[in-house]
There are 2 protein chains.
Amino acid sequence: MRLTSKGRYAVMALVDLAKFDNINPVSLRDISLRQGISLDYLEQIFSKLRKKEIVQSVRGIQGGYVLNKKAKEIKLTNIFDAVDEKIKTVQCKKESKKGCNGKPIKCVTHNLWDELENHITNFFDGKSLEDLVKDNNERRF
Amino acid sequence: MRLTSKGRYAVMALVDLAKFDNINPVSLRDISLRQGISLDYLEQIFSKLRKKEIVQSVRGIQGGYVLNKKAKEIKLTNIFDAVDEKIKTVQCKKESKKGCNGKPIKCVTHNLWDELENHITNFFDGKSLEDLVKDNNERRF
DNA sequence: TTCAAACTTGACTATTTTAGTCGGGTTTAT
DNA sequence: ATAAACCCGACTAAAATAGTCAAGTTTGAA
Ligand code: FES
Ligand code: FES
């Protein structure tokens with residue numbers, strides 16, 4: 001089990017954005033340079049973030065992106081959800097009657113995985129972008 | 001992020017084994033049939049479990065595998081560790097001074113991921129094979 | 001003593017996921 | 001006009017996953 005770069009990049013980029021969008025929109029080029037993330041990849045990520053209304057775009061020269069909500073109101077679960085970073089522990093469809101092996105009863109690990117999934121979701125739901133920005137400012141940069 | 005089948009299979013197989021090894025060793029063929037897991041794949045998994053001394057093998061006809069410890073003493077972390085199911089959240093080398101992007105400072109998400117990793121590890125460390133067997137017996141089968 | 005059930009080992013492979021890249025756009029401040 | 005920026009879809013290389021396959025060895029029981 002591992003978290004993927006997509007989710008990590010999304011969080012890194014949004015923290016960067018939250019720190020710098022006070023006055024002007026922030027261009028992906030700047031984020032790319034500061035965070036060391038491929039520009040083309042960032043564009044894919046921000047396209048998703050925009051569709052989920054986490055950021056707004058400003059087109060044209062001097063354009064970029066701005067947060068669409070207060071940093072306090074953006075939870076990590078929202079971010080992960082937007083970029084399709086799945087916290088997927090159970091293998092079966094949850095609402096299905098069938099288990100992961102096609103049998104008509106859930107497998108012995110099902111409840112366990114499900115419980116873990118809740119743990120993780122709660123963890124990410126308790127963290128906002130603001131928390132991360134603060135945390136980051138404290139340890140300087 | 002997702003847990004892989006390897007870890008899930010290992011746990012399923014060991015619960016099965018724990019339930020049936022009271023008298024005789026349990027053959028992988030039986031586990032394969034009961035749990036719907038490829039026999040060849042199970043062999044790979046049990047080879048690892050044996051090397052980490054979680055199970056013992058009994059060769060020859062009527063052979064199979066038996067637990068090498070009390071079910072109570074086998075934690076899920078031990079199982080995952082044995083089959084190389086990694087709970088890997090941070091992307092960088094933890095002990096390295098460098099961050100995941102090669103910069104000389106850890107990225108903004110590092111602490112967060114690390115904290116999550118501890119959460120998950122604690123969760124799995126608190127669950128023994130015995131717990132799962134009990135849980136499984138309660139809901140009948 | 002022969003046989004088949006079962007473990008043992010290592011290599012090979014197909015599928016899926018990830019992490020990009022690439023090539024073309026469109027918009028808009030200057 | 002032009003260049004900085006966003007926008008979009010298709011393509012691809014690399015890695016991880018989930019197996020498969022082939023060729024053994026061991027040993028209880030008929
Ligand atoms: S994970 Fe849901 S039935 Fe196995
Ligand atoms: S995950 Fe450790 S530095 Fe980014």
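For clarity, every value in this text was computed on a predicted model and none was experimentally measured. We name chains A, B, ... by the order of the sequence lines, and we start the count at 1 in each one.
Under a cut-off of 6.0 angstrom, the local environment of NZ in K72(B) is sparse, with at most 12 non-hydrogen atoms contributed by other residues, nucleotides or ligands.
In this structure, the CG atom of D84(A) is 18 Å from the P atom of dT16(C), given to the nearest Å. Rounding to whole angstrom units, OH of residue Y41(A) and P of dT18(C) are separated by 8 Å. In this entry the distance linking CG of L39(A) with P of dC22(C) reads 12 Å, nearest Å. Look at NZ on K6(A): it is 12 Å from P on dG20(C), rounded to the nearest Å. What separates CD1 of I37(A) from C1' of dT21(C) is a distance of 16 Å, to the nearest Å. Atom OH of Y65(B) and atom P of dA5(C) are 17 Å apart (whole Å). Put simply, CG on L33(B) is 10 Å from P on dA6(C), counting in whole angstrom units. Atom pair Q56(B):CD and dT8(C):P shows a separation of 11 Å (rounding to whole Å applied).
No salt bridge links E43(B) with R50(B); every basic N to acidic carboxylate O contact stays at or beyond 4.0 Å. K86(A) and D81(A) are not joined by a salt bridge, as no carboxylate oxygen comes within less than 4.0 angstrom of a charged side-chain nitrogen. Comment: K75(A) does not engage E130(A) in a salt bridge, judged by the lack of any side-chain N to carboxylate O separation of less than 4.0 angstrom. Salt bridge annotation for R2(A)-E117(B): absent, with no cationic side-chain nitrogen under 4.0 angstrom from a carboxylate oxygen.
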Enumerate all atom pairs, one protein N or O and one N or O from nucleotides 9-13 of chain C, separated by less than 3.5 Å.
from   : atom 1 : to     : atom 2 : distance (Å)
dT9(C) : OP2    : R50(B) : NH2    : 2.7

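When the side-chain hydrogen bond (donor to acceptor under 3.5 Å, both in side chains) test is applied to S57(B), no partner is found at least two apart in sequence or on another chain.
Side-chain nitrogen and oxygen atoms of T4(A) include none within less than 4.0 Å of the OP1 or OP2 phosphate oxygen of dT17(C). Between Y9(A) and dG20(C), a side-chain N or O to OP1/OP2 separation shorter than 4.0 Å is present.
Of the possible donor and acceptor atoms, none in the side chain of N122(A) sits under 3.5 Å from a partner among the backbone N and O of H119(A). K69(B) contributes no side-chain N or O that, together with a main-chain N or O of I54(B), makes up a donor-acceptor pair within less than 3.5 Å. A distance-only check finds no donor-acceptor pair linking the side chain of N136(B) to the backbone of V108(A) [under 3.5 Å].
Backbone-only engagement by R2(B) is indicated by non-hydrogen atom pairs under 4.0 Å involving sugar-phosphate atoms exclusively.
If G64(B) and I61(A) are placed on DNA chain C by their nearest nucleotide, the residue sitting closer to the 5' end is G64(B).
Reading DNA chain D from its 5' end, the first and the last nucleotide to sit under 4.0 Å from a heavy atom of chain A are dA4(D) to dA10(D).
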